[in-house]
Structures are given as structure tokens and as C-alpha cells.
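In what follows, a structure is listed as C-alpha cells, so that the remarks can point back to it.
Throughout, a chain's letter reflects where its sequence line sits, starting with A, and its residues are numbered from 1.
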Amino acid sequence: MSQPSETQGAWDPSYNFAFLDEQTKRMIRRAILKAVAIPGYQAPFASREMPMPYGWGTGGIQVTAGVIGPDDVLKVIDQGSDDTTNAISIRKFFVRTTGVRTTESTGDASIIQTRHRIPESPLREDQILVYQVPIPEPLRFLEPRETETRQMHALEDYGLMHVKLYEDIARHGHIATSYAYPVKVAGRYVMDPSPTPKFDNPKMDRCPALQLFGAGREKRIYAIPPYTEVKSLDFDDYPFELPTWDAACALCGDTHSFLDEVILDDAGGRMFVCSDTDHCRERRANGHVGPAAAAAPFETMSAAP
Amino acid sequence: MTPAPPPLEAVPIPAGFDDPTLDSQSVFRAVLEAFSRPGRVAFAALPSPPPGPLVSASAAVALTLFDLSTPVFIAPGIATAPVQEFLTFHTGCPLTEQADEAAFAIIDGADAGDLSRFAIGTPEYPDRSATVVIQVQALSADGSIRLRGPGVEHAHKLGVDGLHADFWLARERLGLLFPLGVDVILCAGSSLACLPRTTRAEV
Amino acid sequence: MYVAVKGGEAAIENAHKLLAEERRGDTNVPELSLEQIKQQMSLAVDRVMTEGSLHDPDLAALAIKQARGDLVEAIFLLRAYRTTLPRLWETKPIDTGAMNIRRRISATYKDLPGGQVLGPTFDYTHRLLDFALAAEGGGDASLDADPAEPVVAPRVTELLAGEDLIEEAGAVPDKDAPGDLTREPMEFPADRDLRLQALARGDEGFLLALGYSTQRGYGRTHPFAGEIRMGAVEIEIDIDGIDGPVTIGEITVTECEMVNQFMGSKTEPPKFTRGYGLTFGFCERKAMAMALVDRALRGRDLGEEVDAPCHDEEFVLAHADNVEASGFVQHLKLPHYVDFQSELELVRKMRREIEQGRWSDGEEAHDVAAE
């Protein structure tokens with residue numbers, strides 16, 4: 001439990017390195033460079049049909065395939081965890097098609113592909129974070145038409161988004177968006193951070209690592225260069241707020257990480273554990289102990305404190 | 001379609017990458033790093049020298065990013081027959097004499113006082129803009145130019161020899177049109193540094 | 001103690017084994033051969049080739065076998081394979097006017113040059129389960145007469161064009177070659193070449209429903225089935241140094257040309273317009289639905305009132321692809337517990353605030369309770 005697992009696979013030579021043909025990689029690479037040059041802008045790219053379904057991370061996979069080299073160390077997470085089935089499946093795909101080393105340790109990875117979370121530990125300059133994106137357009141649920149939303153971005157006309165957020169406040173007393181919370185990148189483009197919880201939004205701001213976003217079905221790539229301002233949209237009198245938990249992680253005792261709720265029985269028993277499994281492992285390896293870690297076996301656990 | 005074979009009587013075309021797949025990946029990462037951290041000098045080269053006046057870094061960038069779908073403008077001073085043959089043979093890129101049609105351009109630093117002739121994209125598609133490879137005499141990481149903007153924590157220092165005196169002003173003017181603009185890759189020998197359109201320079 | 005769920009890798013491998021076992025079924029029953037699928041499930045093969053955008057009956061049969069008969073899954077398999085293939089050549093446009101016709105129907109003329117050729121159609125079968133087929137060797141298919149030689153005949157729309165009663169067939173606009181949405185992301189508004197490509201790849205069921213909706217008044221286009229033809233066409237390429245095109249093979253296609261009314265405009269006299277459908281193999285229902293939707297999508301260009309779902313190019317084209325749709329609908333079964341957790345927190349917080357508001361305001365609590 002204390003050591004992050006690492007694997008070194010073998011590249012199956014019946015596939016081109018990183019699966020994609022070279023022309024496709026060049027096309028993706030050109031789109032990535034333009035995306036970096038225009039932070040937060042959704043650059044169209046000729047997304048390919050990948051051997052996994054749309055919605056399973058085909059955009060992130062294509063971005064990773066465009067970037068990855070034999071010296072990279074890859075980490076793949078879904079919901080913050082390395083051991084969710086789709087994270088395993090994507091990791092296996094890259095092991096088979098590149099032979100790269102993989103890791104569960106955030107600190108050891110040079111490329112981290114993620115769905116729905118940003119790792120808890122701060123990222124470094126020598127790391128790239130690749131997000132899997134289902135709907136890249138932050139305005140899509142306000143205006144379904146691409147022809148319209150493209151125009152709004154061109155004119156920097158984000159009034160609709162502000163109206164929506166303001167209506168939330170009027171109706172609920174809050175901005176009722178808890179994930180995929182819109183941000184403004186480098187003071188220009190409003191961007192969808194992918195369905196990460198808004199808890200993770202501050203991690204994107206002035207992050208030393210390059211952040212790349214791939215939406216396969218919607219055929220868009222976008223990026224946040226390192227050290228770029230990423231501001232969660234809010235109002236002076238209703239500033240952006242982070243969610244908090246009353247609980248600590250049952251395993252490592254952390255009170256600052258994003259916690260998943262685990263249902264223990266059908267009588268309301270539940271506990272909370274870190275969503276970032278590597279973060280939790282590392283804390284436990286460093287001697288942090290949560291209320292459930294040393295206590296009763298799972299079967300007799302009741303509600304978290 | 002496969003690129004045309006070299007004419008029989010010509011001097012052999014210099015080789016490209018040893019391993020096109022892995023070498024172009026490594027050059028791409030160098031370029032991506034340089035784009036992500038404007039002004040940081042990165043290394044990119046081919047195993048053997050390209051035909052002059054093309055420098056190794058420009059040639060490596062070309063073989064990594066150019067192909068059938070990218071019209072390329074080569075400035076007259078650089079567009080010698082061997083350079084044209086080298087690029088079309090290795091990348092299959094169509095060459096164009098219309099600067100504003102080019103996805104990529106290769107020009108000399110002395111010729112870089114005017115950037116307005118290149119495509120800057122449209123308000124809806126600012127990515128449909130040129131990436132301009134500018135060959136200069138030398139690049140250094142401790143020059144007098146201070147770069148700020150996305151990708152830069154505080155300020156990056158850069159030294160460039162061999163750029164037209166009006167280059168920085170031309171960039172600044174284009175900067176007013178953001179998100180429209182062109183992105184620049186400065187190449188000297190085997191080193192390169194990038195100036196995406198967001199980078200602000202104090203010269 | 002509580003241990004987070006592990007062992008996903010073993011679970012995936014076991015799932016794959018179970019899938020293989022289910023696919024094979026009872027091993028006492030002989031395994032399906034690709035040849036059997038190709039010969040006896042040929043319409044499934046044709047649909048998979050059409051929506052898979054790849055003409056290869058062997059691979060389509062393999063995909064159907066591997067997908068356990070799930071055609072959308074088979075289409076996905078074929079697409080994922082297709083995307084890895086190099087482009088060696090571009091063929092010349094096929095000439096369906098030179099088709100060796102096996103079926104040819106016009107609803108607009110009683111008789112016409114080349115005649116009506118019924119061909120292998122379900123149209124006049126009585127849909128009675130044929131229990132003879134259930135018996136071993138019960139499917140005797142010998143013809144009463146020798147099959148007619150394939151016919152070559154001019155297209156109906158060419159007959160109409162001779163009288164200038166129908167619009168031009170349309171050309172590829174302002175471009176050297178038709179666009180390809182698998183190489184360039186689609187942009188809206190899309191040109192007709194890309195629209196037709198998207199419709200040809202589009203889900204038969206989706207196009208069928210949309211085409212049907214135009215008939216029921218949601219964007220009526222007054223269609224006549226000018227012609228439906230199915231048969232073999234030659235595939236030709238140009239080769240440098242060789243005069244004239246070189247034939248590299250032959251494929252079967254189904255083409256539908258709908259002839260639609262157009263009342264004319266200030267600048268145009270009344271004439272007939274076209275809706276076009278084309279598929280690999282024999283996919284008649286798809287070709288007809290495609291032609292209806294193609295014509296509906298042209299409403300804007302023709303200056304017609306556009307207000308129905310079938311007129312909405314972005315709506316139609318963005319949702320026609322079943323590989324995209326199937327993936328995104330089904331991705332909802334992937335874990336979303338992080339987002340759900342965020343929503344849980346938000347909903348709990350909002351409810352807490354409402355409850356606190358009620359406790360502090362007896363009047364409101366009373367009102368709520370009285371409702």
C-alpha cells in the first residue's frame with residue numbers, strides 16, 4: 001500500500017508508436033501549438049476514430065498520443081483514481097502502443113492524463129496535464145448552436161454566461177454550478193475546465209505545468225500555458241467559493257483534499273475518503289492516519305465522524 | 001500521394017530524421033516546450049546538415065510540422081532549389097509564393113520587419129494563422145529582451161542577433177489585434193525560441 | 001478496515017473473456033463463417049460498410065461477427081480500423097449512369113428507357129414468417145427463369161434535365177476536390193459535399209425518422225421517388241503517365257434521387273429540385289431517407305421557409321453519427337462520482353440554507369407547511 005506501483009511495458013510493434021499515424025500526429029501537434037498560442041481558445045482538429053468509444057477519453061488520448069515519447073512516464077487517472085476501470089484501460093493502451101513507463105505517483109509522472117480531477121499535489125514545470133473533455137464549449141448549455149457560440153467568443157460577448165450565473169444567485173443564493181465551473185483564461189476566453197469539480201479550479205491558475213485539453217467527439221483542442229491566469233467567473237458581491245467538507249478522509253485524515261462519499265450500509269452509514277488515491281497513499285506512507293484506517297473492519301463501519 | 005523522387009542528375013537530397021517517428025516526437029516536444037515557455041531556448045536539430053541557408057533547427061521544425069496539408073512560404077533568399085527540394089521531398093508540403101496563404105513561413109531575420117503579410121486568422125478562427133519560422137544569427141537565454149505573458153512566471157530574458165530593427169514594433173502592432181496574430185519560432189543553428197502571439201516584449 | 005476498490009485490471013480481463021464466451025454461444029453449434037455472414041446477412045454487411053465508410057465486405061462481416069450482430073458496434077469497429085488506413089489514391093467520381101442495374105424503380109414514370117427492374121426486393125413479399133427457412137435446407141432459391149442481363153439506362157433526372165425542368169445536379173463549390181469530414185473538422189454552415197458525406201455516414205434510424213418527419217409536415221418537401229437504382233459501378237483512378245482512367249474494381253451501390261417540387265422565386269422559374277442519397281451495397285431505406293433529408297437541408301439555399309428539425313443543419317449533422325452518439329450516450333455509465341459528489345454537496349448546502357431560513361422565519365415555514 002505504501003509504494004506507488006510502476007510498470008514498464010513493451011511496445012507492440014504491430015502498431016505505430018502511440019497508435020496514430022504520423023500525419024495525424026502532425027495535425028494534432030499543429031492544433032496543440034495554436035491552442036497554446038491562444039490560451040483558452042478551442043482549436044478545431046480532425047479528431048480520429050479511436051479504438052475506444054467517444055466519451056471514453058478519445059480527445060485526451062489523441063492529445064497524449066501526439067505528445068508522448070519513449071522517455072515519458074505516464075499516469076492516468078479517472079475520478080482522481082489510478083485504479084478506475086477506464087483509467088486502467090487507457091494506461092494499458094499506451095503501454096501496448098508505446099511501451100512507456102507508467103506510474104501511479106503524481107510526482108513521478110511527466111504526463112498525467114485525467115478525467116474529472118486535478119491531482120492534489122502541486123504540479124511542476126516538467127509535467128503536462130492532459131484533460132479528457134466531453135463538451136468543450138462553456139456556452140453550450142446556454143446556446144446549443146456552434147455558429148452562435150463561436151460568434152460570442154469572437155466578440156468576447158459573454159453576457160449570456162453572466163446572466164446565467166446571476167440568475168443562479170437570484171434563485172438559489174448561489175452560483176449553482178459545482179463542476180465544469182467556467183473560467184476566464186488570460187483575461188480573454190471563457191473556457192470549460194472539463195467536468196472537474198470547482199474545488200479544482202484554483203489549481204489551474206498560474207499552474208507551472210502545461211495543461212492541454214482534448215475533446216474527441218467535438219473535435220477541439222485547447223490549452224492553458226504555464227503560469228497563466230485562470231479566473232473562475234464570479235461577481236464582486238458573490239465571489240467564487242470553494243466547497244468544504246465537515247469530514248476528514250477516513251483513511252489518511254486529510255481535511256483539505258477532495259473527498260468521495262462512500263455509502264456503507266442502507267441505514268445512512270457513510271464515510272469520506274480522498275478522491276486522489278495517490279495523494280491518500282502518500283499521506284498514509286508518511287504516517288497520517290484517518291479515523292477508519294486503524295479502526296474496525298469495513299463490515300462494522302458506521303458513519304464517518 | 002508519395003512525394004516525387006529526386007531528379008536523377010541532382011545532388012542527393014540531404015537525409016532527414018534517422019527515425020521519423022521518434023525524432024519528430026522529440027523535436028515536437030522541444031517546440032511545445034518553447035511555445036509554452038516563450039523565450040526559453042530549446043534544442044532541435046537534424047542528424048546531418050540541411051541545405052543552406054536553411055539552418056538545422058528550422059529544418060527539424062519543418063520535418064516535424066509540415067506536410068501535404070500545410071502550404072509553406074519560403075522567403076526568396078532562402079528558397080534555393082536545394083532547400084525547396086529538401087522540404088518537398090521530406091514533407092510533401094505545397095510551396096506557395098503568396099505569404100498570406102501560408103500555414104508556415106520560413107524567412108530571414110533581416111527580412112522580419114513586416115509581419116502583416118502573413119495570415120493572422122479570423123475572429124472566429126484565430127488559429128487559422130501563420131506560424132513564422134525566422135532564421136536569426138544567434139539566440140541566447142541571457143539577453144536584454146524581457147518577455148512576459150502566458151507561459152512566463154515573472155520575466156524570461158532572451159537575446160537575439162540578426163532580427164530586423166522593426167520586428168518588435170511589428171509584433172507589438174499585431175498584438176493589438178489579439179486573438180488574431182502570428183506565432184514566431186526563432187531559429188539559430190540548432191537552437192530555437194518561440195514567441196506566441198500572447199508574449200509581450202520589452203526590448 | 002476499509003480498502004478502496006482494487007483489481008480493476010482483472011475485472012476487465014474477465015469481462016473480455018465472458019464477452020468472448022457469449023459471442024461464441026453454445027460450442028455444439030457450428031461457428032459462423034465470414035462467408036456465411038457475407039452471403040446470408042448481406043444487408044447487414046451493406047449497412048455496416050455504408051455507415052462505417054469503408055467498402056470491404058470481408059471486414060464488415062468480421063465486424064458483425066465480432067460485435068455479436070450489434071450493427072452500431074460493428075460500424076464502430078470498421079470506423080476504428082478505417083482511420084488507421086493510409087490514403088493511397090483518390091478515385092474519380094463514380095458514374096451511376098453507367099451502372100449495371102440490378103434494380104431500378106421510378107415512381108414518376110410508368111415506363112421509361114431501360115424499364116422498371118424489380119430486382120431482389122422485399123417490396124411485394126407478404127411478411128409471413130417462412131417456416132420453410134427454419135427447416136434445414138428449406139431455403140430453395142432457384143429462379144424460375146434465367147436472370148436478365150444487367151441493364152444500363154439513363155437516369156430519370158437526366159430525362160428531366162433535357163427539358164430544363166429540373167435544377168442542375170450541383171457541383172463541388174469553389175474547391176478542387178470534395179471535402180472530407182474525417183480529415184477536416186466540419187464547420188457550419190457546411191457545403192453540400194460535406195453534408196452528403198455526413199448523411200451517408202449517418203445513422204439509418206436517425207435519418208429515417210427525420211425523413212419521415214418531413215413527410216408528416218415538419219418541413220414538407222413534396223418528394224417523388226424519381227429513381228432508385230442499385231447495381232455495380234466501376235471504380236476508376238487516374239495514373240500519371242497512363243492515358244485515361246484505369247478501372248481498379250467494381251462495387252455495388254444504391255442511389256436514390258428524389259424529385260421535389262419548387263415553386264420558384266423572384267429570380268428562378270418553377271422547376272423540380274433534387275434530393276440525393278447514395279449508399280454502398282443495397283441500403284434502399286437509408287438511401288431514400290438520406291435523399292429526403294438532403295433536400296430538406298437545402299431549404300435555406302433555395303430560399304424556403306426553414307423552421308423544422310430537418311431544416312436545421314447543425315442539429316441534423318451534429319447528431320447523425322451513431323458512433324459519436326452511441327459513445328456519448330453510453331459514457332454516462334462511466335464513473336461520475338466526483339461530479340456527483342460536488343452536486344450532492346451543493347444540494348445539501350442549499351437545502352440546509354432553506355431549512356435555516358424557515359426556522360428563522362415562522363411565517364414562511366407555516367406557508368410552506370400549508371401548501
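Only the backbone of C/Thr182 comes within less than 4.5 Å of a heavy atom in chain A; its side chain stays farther off. Heavy atoms of A/Thr24 lying under 4.5 Å from chain C are absent altogether. Using a 4.5 Å cut-off between heavy atoms, C/Phe76 touches chain A through its side chain atoms alone. Using a 4.5 Å cut-off between heavy atoms, A/Thr58 makes no contact with chain C at all. Using a 4.5 Å cut-off between heavy atoms, C/Asp180 makes no contact with chain A at all. A/Ala176 touches chain C through backbone and side chain together, each having a heavy atom under 4.5 Å away. With a 4.5 Å cut-off on non-hydrogen atoms, C/Leu334 touches chain A through its backbone and its side chain both. Contacts between A/Pro243 and chain C at a heavy-atom distance below 4.5 Å are absent for every atom of the residue. Of the two parts of A/Gln23, only the side chain, counted from C-beta on, holds a non-hydrogen atom closer than 4.5 Å to a non-hydrogen atom of chain C. Heavy atoms closer than 4.5 Å to chain C are found in the backbone of A/Phe45, but not in its side chain. Residue C/Leu344 touches chain A through its side chain alone, counting heavy-atom pairs closer than 4.5 Å. Proximity to chain C (any heavy atom under 4.5 Å) is restricted, for A/Leu259, to the backbone atoms N, CA, C and O. Contact of C/Glu343 with chain A is made through backbone and side chain together, with heavy-atom distances under 4.5 Å. Contacts of A/Glu241 with chain C are made by side-chain atoms alone, with heavy-atom separations under 4.5 Å and no backbone atom involved.
Among A/Tyr179, A/Tyr15, A/Trp245, the residue making the largest number of heavy-atom pairs under 4.5 Å with chain C is A/Tyr179. Annotation: maximal heavy-atom pairing with chain C below 4.5 Å, among A/Gly216, A/Pro195, A/Ser275, occurs at A/Pro195. The most heavy-atom pairs under 4.5 Å with chain C, out of A/Arg115, A/Arg150, A/His172, come from A/Arg115. Contact count against chain A (heavy-atom pairs under 4.5 Å) is highest for C/Arg183 among C/Arg183, C/Glu187, C/Gln330. Top candidate by heavy-atom pairs under 4.5 Å with chain A, chosen from C/Phe315, C/Phe328, C/Tyr81, C/Phe188, is C/Phe328. Here A/Glu261 is the residue among A/Arg220, A/Met27, A/Glu261, A/Lys219 with the most heavy-atom pairs under 4.5 Å with chain C.
Every residue two or more places apart in sequence or in another chain that forms a ring pair (Phe, Tyr, Trp, His ring centres under 6.0 Å) with C/His336 is listed here: A/His116, C/His331.
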Please assess C/Glu324 against C/Arg201 for the test salt bridge (Lys or Arg N to Asp or Glu O under 4.0 Å), listing each intermediate value before the final yes or no.
CA-CA 11 Å; C/Glu324 291 176 1; C/Arg201 289 160 56 91; over 6 Å; no
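When all heavy atoms of A/Val273 and A/Cys249 are compared, the closest pair comes out as CA-SG, 3.8 Å.
Among residues 57-71 of chain C, no residue has any heavy atom closer than 4.5 Å to a heavy atom of chain A. Contacts of residues 46-55 of chain A with chain C at a heavy-atom distance below 4.5 Å involve A/Ala46, A/Arg48, A/Glu49, A/Met50, A/Pro51, A/Met52, A/Pro53, A/Tyr54, A/Gly55, listed in sequence order.
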Side chains of residues 11-21 of chain C: which donor-acceptor partners sit under 3.5 Å, not counting sequence neighbours?
unit_1  : atom_1 : unit_2  : atom_2 : d
C/Glu13 : OE2    : A/Lys92 : NZ     : 3.4
C/Asn14 : ND2    : C/Ala10 : O      : 3.4

